[in-house]
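Order of the sequence lines sets the chain letters (A, B, ...), proteins ahead of strands, with each chain counted from 1.
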2 protein chains.
Amino acid sequence: MTQTTLDPVLFAKAIADETRQKIMKLTCCRWRSVNEIVEQLNVTQPTVSHHLALLRAAGLVNFKEDGKQTYYQLNRDLVTVCCDQIIAKFSTEVESNSTCCTGEPQ
Amino acid sequence: MTQTTLDPVLFAKAIADETRQKIMKLTCCRWRSVNEIVEQLNVTQPTVSHHLALLRAAGLVNFKEDGKQTYYQLNRDLVTVCCDQIIAKFSTEVESNSTCCTGEPQ
DNA sequence: TTGACATATAGACGATCATCTATATAATAC
DNA sequence: GTATTATATAGATGATCGTCTATATGTCAA
């Protein structure tokens, strides 16, 4: 049920913040509770929750609740898909899969 | 003399705008004058110049002047490098090339 | 040299954003 | 039940951003 696509502009906006990229890095490889994340950063708990909600809305983190705690983990597959999508987007002039740019641009 | 690296946060900020991504796409495969770009978008010439200056500062476009005109072209290599860098950044918990995340995160 | 054209810069304005404090919600422990 | 802990939400505030109009700068043609 994790999200598999995201528009390149929305993806860029979602990751265009230092605090969010720090959160993404902290959660890239294991589940982290909100408190764990707060302890690693120099921002308040509501600020962390705010960024997590934003990343969650973009589908960039998965989460699971366990009692009092909520755990978050980066959706690494989506990051990869989006990055590949950006590379592809700027490899052709038009919105198709026609070939372009294979030769030397004049 | 074209730029070859760019911090992931700065890269994301630079491309986190629809107009700029449109400009990037227009210039991805050939040199375009400012006027050509303006004609393709629904924004004024100063707005386009503003975005071009921003992309130029980030090293994301190359440019050459020819008489009255200035031509811009996307630095596609840098886009690729930055995207690869983002994928790599969120594949390890720490700022090293030590292994991590190769198994199933618990 | 004067006028037309191409681009850049300056300054203003409204919108979005990152952060904070205060507080609500919900789960657990005693 | 009451206190404590974990997280989310609400609302405020200052900063950043995207866009516009007006204008400056620089190049070419007549």
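Residue S49(B) is classed as a base contact, given a heavy-atom separation below 4.0 Å to a base. In this structure, Y72(A) reaches the sugar-phosphate backbone alone: every heavy-atom distance under 4.0 Å involves primed, P, OP1 or OP2 atoms, never a base. When heavy atoms are screened at a 4.0 angstrom cut-off, Y71(A) is found touching no nucleic acid atom at all. Counting any heavy atom pair closer than 4.0 Å across all strands shown, H51(A) reaches sugar-phosphate atoms only and no base atom.
Between T70(A) and dT7(D) there is no side-chain N or O to OP1 or OP2 distance below 4.0 Å. The phosphate of dC17(D) (OP1 or OP2) has no side-chain N or O of R20(B) nearer than 4.0 angstrom. When the side-chain nitrogen and oxygen atoms of T19(B) are compared with OP1 and OP2 of dT19(D), one or more of them lie within a distance under 4.0 Å.
Proximity of residues 32-45 of chain B to DNA chain C (heavy atom under 4.0 angstrom from any strand atom) is restricted to S33(B), V34(B), N35(B), Q45(B).
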Let me have the donor-acceptor pairs involving side chains of residues 79-88 of chain A, under 3.5 Å, with sequence neighbours excluded, atom names and distances please.
| unit_1 | atom_1 | unit_2 | atom_2 | d |
| --- | --- | --- | --- | --- |
| T80(A) | OG1 | R76(A) | O | 3.2 |

Using a 3.5 Å cut-off and no angle test, enumerate the donor-acceptor pairs between side-chain atoms of residues 54-61 of chain B and protein atoms at least two apart in sequence or in another chain.
| unit_1 | atom_1 | unit_2 | atom_2 | d |
| --- | --- | --- | --- | --- |
| R56(B) | NH1 | Y72(B) | OH | 2.7 |

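Remark: T70(A) pairs with no residue by the side-chain hydrogen bond (donor to acceptor under 3.5 Å, both in side chains) rule, at least two apart or across chains. Residues satisfying the side-chain hydrogen bond (donor to acceptor under 3.5 Å, both in side chains) criterion with K68(A), sequence neighbours excluded, are absent altogether. Considering only residues two or more places apart in sequence or on other chains, D7(A) meets the side chain to side chain contact (heavy atoms under 4.5 Å, CB included) condition with V9(A), L10(A). Partners of S33(A) according to the side-chain hydrogen bond (donor to acceptor under 3.5 Å, both in side chains) rule, which considers only residues two or more places apart in sequence or in another chain, do not exist here. Not counting sequence neighbours, R20(A) has no partner by the salt bridge (Lys or Arg N to Asp or Glu O under 4.0 Å) test. Listed by chain and residue number, S49(A) satisfy the side-chain hydrogen bond (donor to acceptor under 3.5 Å, both in side chains) test with Q45(A) (two or more places apart in sequence, or in another chain).
Rounded to whole Å, the distance from CG on L54(B) to P on dC17(D) is 8 Å. L10(B) has its CG atom 11 Å from the P atom of dC17(D), to the nearest Å. What separates CZ of R56(A) from P of dT7(D) is a distance of 12 Å, to the nearest Å.
K25(A) contributes atom NZ, which lies 12.5 Å from atom CD of Q40(A) (distance to the nearest 0.5 angstrom). To the nearest 0.5 Å, atom CD of residue E18(A) and atom CG of residue L41(A) are 10.0 Å apart.
Of the candidates T47(A), V48(A), T44(A), V43(A), V48(A) is the only one forming a side chain to side chain contact (heavy atoms under 4.5 Å, CB included) with V38(A).
Here the closest non-hydrogen pair linking F90(A) and L74(B) is CB-CD2, 3.6 Å. Smallest separation of non-hydrogen atoms from C29(A) and S91(B): SG-O, 3.7 Å.
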Would you tabulate the pairs of protein nitrogen or oxygen atoms and nucleotide nitrogen or oxygen atoms of nucleotides 24-30 of chain D closer than 3.5 angstrom?
none

Below 3.5 Å between N/O atoms, which protein atoms pair up with nucleotides 10-16 of chain D? Just atom names and distances, please.
none

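Think of the region where chain A sits on DNA chain C: with heavy atoms and a 4.0 Å cut, that region ends 5' and 3' at dA18(C) to dT28(C).
In summary, R32(A) and E39(A) do not engage in a salt bridge, as defined by a charged side-chain N under 4.0 Å from a carboxylate O.
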